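Here the structure is laid out as structure tokens; the discussion comes afterwards.
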Amino acid sequence: MGRISRREWLWAAACWADVLRAQAPGFTSLDSAMAREIEAIAEEILPGARQAGVVYFIDRALAGYDQDQRELYRAGLAAAQQKRAALFPSSASIATLQPSQRIDLLKAIESTGFFQQVRVHTVLGYFG
């Protein structure tokens, strides 16, 4: 993972503050199905990401300072779904995979720009 700049940490903190101020967190950039998949990936990257609400941070980042990454998420998740279907043909989604299967999937996509960006957003959302 590359180094996270101070600017990225500050943006993360600013976005996360917006999430915390929201009375009823909803999604701005992600639909609920996409959010479930991203949340499952984030939870494997950093256990506790689900409880920390990282998916809401990612959603707000894609609606704000990182909106240029929306297409990367859309195309990357589609490619990850194709890889999931190839590896686990009877599976319905990333979120329904067993943890060991999700790990295998993430190992298969870890060199992609999509995975790298989800990892950065997960860390920023969790620790920011």
Side-chain angles (χ1 to χ4, degrees):
M1 182 166 123
R3 292 183 53 100
I4 297 173
S5 71
R6 285 188 204 129
R7 175 175 279 160
E8 289 172 319
W9 278 111
L10 290 173
W11 275 113
C15 288
W16 197 229
D18 286 342
V19 170
L20 293 176
R21 279 194 294 270
Q23 292 185 9
F27 296 108
T28 304
S29 297
L30 305 173
D31 62 36
S32 60
M34 191 174 184
R36 277 191 303 278
E37 300 295 79
I38 299 297
E39 184 177 60
I41 292 169
E43 182 66 20
E44 291 304 326
I45 291 170
L46 190 58
R50 178 176 288 121
Q51 291 82 359
V54 166
V55 71
Y56 294 104
F57 168 80
I58 292 171
D59 178 67
R60 296 313 191 274
L62 294 174
Y65 82 95
D66 240 355
Q67 59 187 294
D68 60 326
Q69 299 299 319
R70 285 184 194 170
E71 179 58 24
L72 176 67
Y73 267 76
R74 189 199 61 72
L77 186 56
Q81 294 289 14
Q82 289 178 340
K83 182 58 87 171
R84 174 202 44 83
L87 292 172
F88 311 104
S90 63
S91 66
S93 69
I94 295 169
T96 61
L97 291 174
Q98 295 297 315
S100 62
Q101 293 173 318
R102 275 198 298 267
I103 297 288
D104 290 342
L105 174 63
L106 295 184
K107 285 179 181 178
I109 66 168
E110 71 183 337
S111 64
T112 66
F114 167 69
F115 177 81
Q116 298 300 319
Q117 187 60 59
V118 174
R119 184 170 60 180
V120 167
H121 278 155
T122 298
V123 170
L124 289 173
Y126 190 88
F127 292 110

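From a predicted model like this one, the values you see are computed outputs, not experimental measurements.
- In this structure, CD on Q116 lies 4.0 Å from CZ on R119, to the nearest 0.5 angstrom.
- Both F127 and V120 sit in one connected hydrophobic cluster of ILVMFWY residues. Membership requires side-chain heavy atoms under 4.5 Å apart, directly or through other members.
- Shortest non-hydrogen contact noted between D66 and L62 is O-CD2, 3.7 Å.
- Residues I38 and I103 do not share a hydrophobic cluster, defined by chaining ILVMFWY side chains whose heavy atoms lie under 4.5 Å apart.
- Across S91 and L97, no two heavy atoms sit closer than the pair CB-CD2, 3.5 Å.
- For residues 101-111, the side chain to side chain donor-acceptor pair (under 3.5 Å) pairs, not counting sequence neighbours, are E44-R102.
- Remark: R74 engages E71 in a salt bridge, criterion side-chain N to carboxylate O under 4.0 Å.
- When all heavy atoms of I94 and A80 are compared, the pair lying nearest together is CD1-CB, 4.2 Å.
- The aromatic rings of F27 and Y56 sit parallel to each other, their planes meeting at less than 30°, with 60° as the upper class boundary.
- Side chain of T28 to main chain of R60: no donor-acceptor pair is present (N/O by atom type, distance under 3.5 Å, no hydrogens or angles).
- The heavy-atom pair separating S93 from R84 by the smallest distance is C-CD, 3.3 Å.
- Taking every heavy atom of both residues into account, A52 and Y126 meet most closely at CB-CD1, 3.7 Å.
- The heavy-atom pair separating K83 from L105 by the smallest distance is CG-CD1, 3.6 Å.
- For Q67, there are no side-chain hydrogen bond (donor to acceptor under 3.5 Å, both in side chains) partners, not counting sequence neighbours.
- Applying the side chain to side chain contact (heavy atoms under 4.5 Å, CB included) test between I41 and each of L77, V55, T122, I58 identifies L77 as the sole match.
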